[in-house]
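Order of the sequence lines sets the chain letters (A, B, ...), proteins ahead of strands, with each chain counted from 1.
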Amino acid sequence: MVRVHLPDGATREIAPASTAADLAASISPSLAKRMVAAAIDGQVRDLSTPLPDGATVELIGRDDPRALELIRHDLAHVLAEAVQSLWPGTKTAIGPAIEHGFYYDFERDTPFTPEDLPVIEQRMREIIAARTPFTCEEWSRDDARAHFHAAGETYKLALLDAIPEGEPVKIYRQGEWLDLCRGPHMRTTGDAGTAFRLTRVAGAYWRGDSNNPMLSRIYGVAFADKATLDAHMTMMAEAEKRDHRRLGREMNLFHFEEVAPGSVFWHPKGWRLFQTLIGYMRDRQEQAGYVEVNSPDIMDRTLWETSGHWQNYRANMFLAETVDDREYALKPMNCPGHMLIYGQGTKSYRDLPLKLAEFGKVHRYEPSGALHGLLRVRSFTQDDAHIYCTPDQLTEECLKVNDLVLSIYRDFGFEDVRIKLSTRPENRIGSDESWDRSEAALREALDRAGHPYTIFEGEGAFYGPKLEYVLRDAIGRDWQCGTLQVDFNLPERFGTTYVAPSGEKLAPVMLHRALFGSLERFTGILIEHHAGHLPLWLAPVQAVVATVTGAADDWAAEVARTLKAAGLRVETDLRNEKIGYKVREHALAKIPVQIALGGREAEERTVTIRRRGATDTTTLSLEDAVQLLMSEAMAPAAAPNEQVSHEGMTE
RNA sequence: GCCGGUUUAGCUCAGCUGGUAGAGCGUCUGAUUUGUAAUCAGGGGGUCGGGGGUUCGAGUCCCUCAACCGGCACCA
């Protein structure tokens with residue numbers, strides 16, 4: 001007999017070679033009916049898996065969260081069978097479960113179109129209704145190779161060859177159809193259920209490499225039950241409503257033109273928001289000891305050769321040639337310009353850390369397919385800064401930047417920030433030793449801050465490793481906002497030095513950092529985060545003063561004048577329209593505060609306030625209203641513990 | 001950049017198998033002076049994304065370029 005442990009601590013004896021399904025049946029037939037997989041020593045496996053002696057076994061029902069991945073993976077197989085039965089000769093590549101659903105990659109002469117999806121979905125539902133059992137078979141490599149060769153499944157052959165020697169070659173079969181697959185799967189195609197939808201067709205490179213052929217990918221979403229699926233579809237529809245591209249047009253914030261793909265035309269209201277963000281950041285940086293500078297947009301090729309951009313980044317640069325045959329480039333980064341500013345005059349160790357900030361607009365020729373509203377553009381404004389410090393100060397400065405960026409995100413309501421640490425890439429400049437030091441400094445700062453992070457090997461910038469601060473958009477896409485990069489290379493390339501206490505000239509270490517990252521992107525994320533309902537301190541128009549009748553026009557003018565004098569962003573609406581009409585319009589425009597003025601208010605010198613989202617109103621004196629709104633409209637205060645540090649003395 | 005899709009009025013969209021364009025909202029004009037999510041009436045507005053082709057005739061079919069959308073790749 002074999003002994004297995006159940007999650008409740010009980011131990012059961014079963015016959016040798018018994019499977020998880022046998023175990024379930026031995027407990028109760030009704031339980032056996034409901035179970036779709038088993039966690040054996042924590043690993044999710046098929047019910048048909050024989051149980052080893054001493055294993056801990058937990059049976060998994062279809063509504064267990066761990067079954068969701070199985071549902072999605074099963075559906076990927078069902079999708080592939082459906083496609084191959086509809087279009088014999090279609091080749092299959094890979095088909096995993098992913099967040100919210102699944103996909104399968106195919107190669108086919110005529111690509112899929114959106115019209116194919118309902119047809120495929122219908123066939124999938126037939127396969128599911130048939131409740132065909134999934135069975136797992138172990139094949140020899142030769143048999144598998146022969147089979148997939150005969151079937152013309154070239155991608156499966158490649159996948160087969162990628163399985164390490166010594167590992168079993170597993171085949172999952174559902175009726176006539178079979179697939180090379182690691183598993184696990186549930187009992188039958190019927191377990192996959194019907195709470196799924198095919199959502200889109202897309203191109204995808206084989207093995208994710210753009211040198212490889214492009215396959216046709218079909219995506220689906222899937223959940224354990226229809227209610228969850230419906231909830232997901234509703235959420236996607238809601239997310240679409242808060243898409244910043246749509247809100248930007250509706251709220252008259254910005255637009256794009258064909259003549260400048262990837263570059264923003266900011267409208268008055270959008271630009272006001274943009275400038276509010278810059279003003280906020282300027283204050284925060286000043287408190288943190290930064291000094292603001294400005295460097296040229298167009299600089300000669302030789303500068304970019306010195307910095308290494310010409311050799312490493314030219315494909316992404318806008319180039320400019322003049323009538324006298326000089327080659328210039330629009331700056332894709334501010335750092336080389338800041339190197340030249342640093343280089344003016346001799347710097348002492350007493351000057352360090354020196355923090356040069358610039359709200360510089362950079363231009364990068366991004367691939368056309370990458371452009372995406374404000375979130376991925378070809379010209380954007382960075383809240384950029386370069387911190388020059390001694391090697392001793394490095395970790396401390398990284399830590400300060402980390403604290404500052406997280407504090408700033410908190411002011412905007414972003415509490416859940418993910419941090420990525422990207423290490424040295426293939427294409428890079430500088431010695432391995434300086435890369436070692438840079439990567440170590442970032443790691444140490446993060447460890448000291450105690451913030452979790454994920455390491456991305458080989459994804460650093462060509463001149464140094466980087467931290468990326470990632471925020472998520474309305475429909476779950478991740479966007480890098482802030483960044484912190486350590487750089488030993490640029491100071492060396494530019495021959496930049498400071499005078500050490502010993503009198504020796506040494507190379508400073510340099511940090512590149514941007515906290516919003518791109519003002520454009522951050523604005524887009526903010527719009528989505530708030531669904532356009534920007535908090536009072538950010539709203540381009542904070543209040544609209546609307547009259548009920550023409551008799552209140554004079555009072556409205558006085559109220560507006562008073563609010564503006566108090567620094568509030570106010571518009572007036574004296575139009576000959578009903579108040580209900582005005583209220584509706586300004587509510588749709590997402591104005592935070594509406595102030596309605598009729599004969600009564602004019603008489604009593606009061607204002608009636610209606611808040612965004614509310615249906616009730618409050619009447620109070622103008623003086624009280626000014627006090628109230630002013631206090632609410634203030635930018636979040638900087639944390640008091642972030643003081644100007646010692647180097648403030650040198651100014 | 002790659003695969004697929006889309007592009008008709010300011011916005012959202014309709015226009016069957018080719019026979020020289022429509023709706024709602026907005027805009028404008030007039031009337032209405034109005035109390036918290038749409039007052040009524042009338043009038044303008046489009047070289048159907050650009051270019052080329054097929055045809056007696058193209059918004060509609062074909063080619064091409066561009067932008068946009070969804071993915072993939074890229075993202076210093």
Select from A:Gly262 and A:Gln382 the residue whose nearest nucleotide in RNA chain B is closer to the 5' end of that strand.
-> A:Gly262
Let me know, please, whether A:Ser216 or A:Gly373 comes out on the 5' side of the other along RNA chain B by nearest nucleotide.
-> A:Ser216
To the nearest Å, give me how far apart [atom1] ([X]) and [atom2] ([N]) are.
| X | N | atom1 | atom2 | answer |
| --- | --- | --- | --- | --- |
| A:Arg378 | B:C74 | CZ | C1' | 12 Å |
| A:Phe456 | B:C74 | CZ | C1' | 15 Å |
| A:Phe106 | B:G71 | CZ | P | 19 Å |
| A:Asn252 | B:U27 | CG | C1' | 14 Å |
| A:Asp573 | B:A38 | CG | C1' | 14 Å |
| A:Met333 | B:C75 | CE | P | 11 Å |
| A:Phe112 | B:G71 | CZ | P | 19 Å |
| A:Tyr469 | B:C75 | OH | P | 20 Å |

Would you say [X] reaches [N]'s phosphate, i.e. side-chain N/O to OP1/OP2 under 4.0 Å?
| X | N | result |
| --- | --- | --- |
| A:His372 | B:G70 | yes |
| A:Ser368 | B:G1 | yes |
| A:Arg249 | B:G26 | no |
| A:Arg575 | B:U33 | no |
| A:Tyr103 | B:C72 | no |

Heavy atoms under 4.0 Å, any strand shown: does [X] hit a base, just sugar-phosphate, or nothing?
| X | value |
| --- | --- |
| A:Glu577 | base |
| A:Pro111 | sugar-phosphate |
| A:Lys466 | sugar-phosphate |
| A:Ala202 | base |
| A:Tyr219 | sugar-phosphate |

Polar side-chain atom of [X] near backbone of [Y] as donor-acceptor pair, under 3.5 Å:
| X | Y | result |
| --- | --- | --- |
| A:Lys156 | A:Ala93 | yes |
| A:Arg217 | A:Ala204 | no |
| A:Glu358 | A:Ser295 | yes |
| A:Lys582 | A:Val545 | no |
| A:Asp116 | A:Thr113 | yes |
| A:Arg418 | A:Thr454 | no |

Ignoring hydrogens and angles, answer whether the base of B:G1 and the side-chain atoms of A:Tyr205 contain a donor-acceptor pair closer than 3.5 Å.
-> yes
Quiz item: A:Arg376 side-chain donor-acceptor pair to B:C74 base, under 3.5 Å = yes
Please write out each protein N/O paired with an N/O of nucleotides 64-66 of chain B under 3.5 Å, distance rounded to 0.1 Å.
{"from": "B:A66", "atom 1": "O2'", "to": "A:Glu258", "atom 2": "OE1", "distance (Å)": "3.3"}

Closest to the A:Leu371 side chain, choosing from B:C74, B:G70, B:C68 | B:C68
Out of B:C2, B:C74, B:G5, which has the shortest distance to the side chain of A:Met214?
-> B:C2
Nearest atoms (heavy-atom pairs only) where A:Ala461 meets A:Trp435 = O-CH2, 3.1 Å
Report yes or no: do A:His512 and A:Asp384 form a side-chain donor-acceptor pair below 3.5 Å?
-> no
Detail all sub-3.5 Å separations between protein N/O atoms and N/O atoms belonging to nucleotides 35-37 of chain B.
{"from": "B:G35", "atom 1": "O6", "to": "A:Gly599", "atom 2": "N", "distance (Å)": "2.9"}
{"from": "B:G35", "atom 1": "O6", "to": "A:Arg600", "atom 2": "N", "distance (Å)": "2.9"}
{"from": "B:G35", "atom 1": "N1", "to": "A:Glu601", "atom 2": "OE1", "distance (Å)": "2.9"}
{"from": "B:G35", "atom 1": "N2", "to": "A:Glu601", "atom 2": "OE1", "distance (Å)": "3.3"}
{"from": "B:G35", "atom 1": "N2", "to": "A:Glu601", "atom 2": "OE2", "distance (Å)": "2.4"}
{"from": "B:U36", "atom 1": "O2'", "to": "A:Arg610", "atom 2": "NH1", "distance (Å)": "2.7"}
{"from": "B:A37", "atom 1": "O4'", "to": "A:Arg584", "atom 2": "N", "distance (Å)": "3.4"}
{"from": "B:A37", "atom 1": "N7", "to": "A:Arg610", "atom 2": "NH2", "distance (Å)": "3.3"}

Any residue meeting side-chain hydrogen bond (donor to acceptor under 3.5 Å, both in side chains) with A:Thr617, in chain and number order, not counting sequence neighbours | none
Not counting sequence neighbours, which residues clear side-chain contact (heavy atoms from CB on, under 4.5 Å) with A:Phe223? List them please.
-> A:Arg72, A:His100, A:Val221, A:Thr228, A:Leu229, A:His232
Stem regions touching RNA chain B, defined by at least 3 consecutive Watson-Crick or wobble G-U pairs below 3.5 angstrom = B:1-7 with B:66-72, B:10-13 with B:22-25, B:28-31 with B:39-42, B:49-53 with B:61-65
Who pairs with A:Phe196 by ring pair (Phe, Tyr, Trp, His ring centres under 6.0 Å), at least two apart in sequence or on another chain?
-> none
Inspect the surroundings of CD in A:Glu585 and state if more than 12 heavy atoms from other residues, nucleotides or ligands are less than 6.0 Å away.
-> yes
Please say whether more than 12 non-hydrogen atoms of neighbouring residues, nucleotides or ligands are located less than 6.0 Å from CG in A:Asp109.
-> no
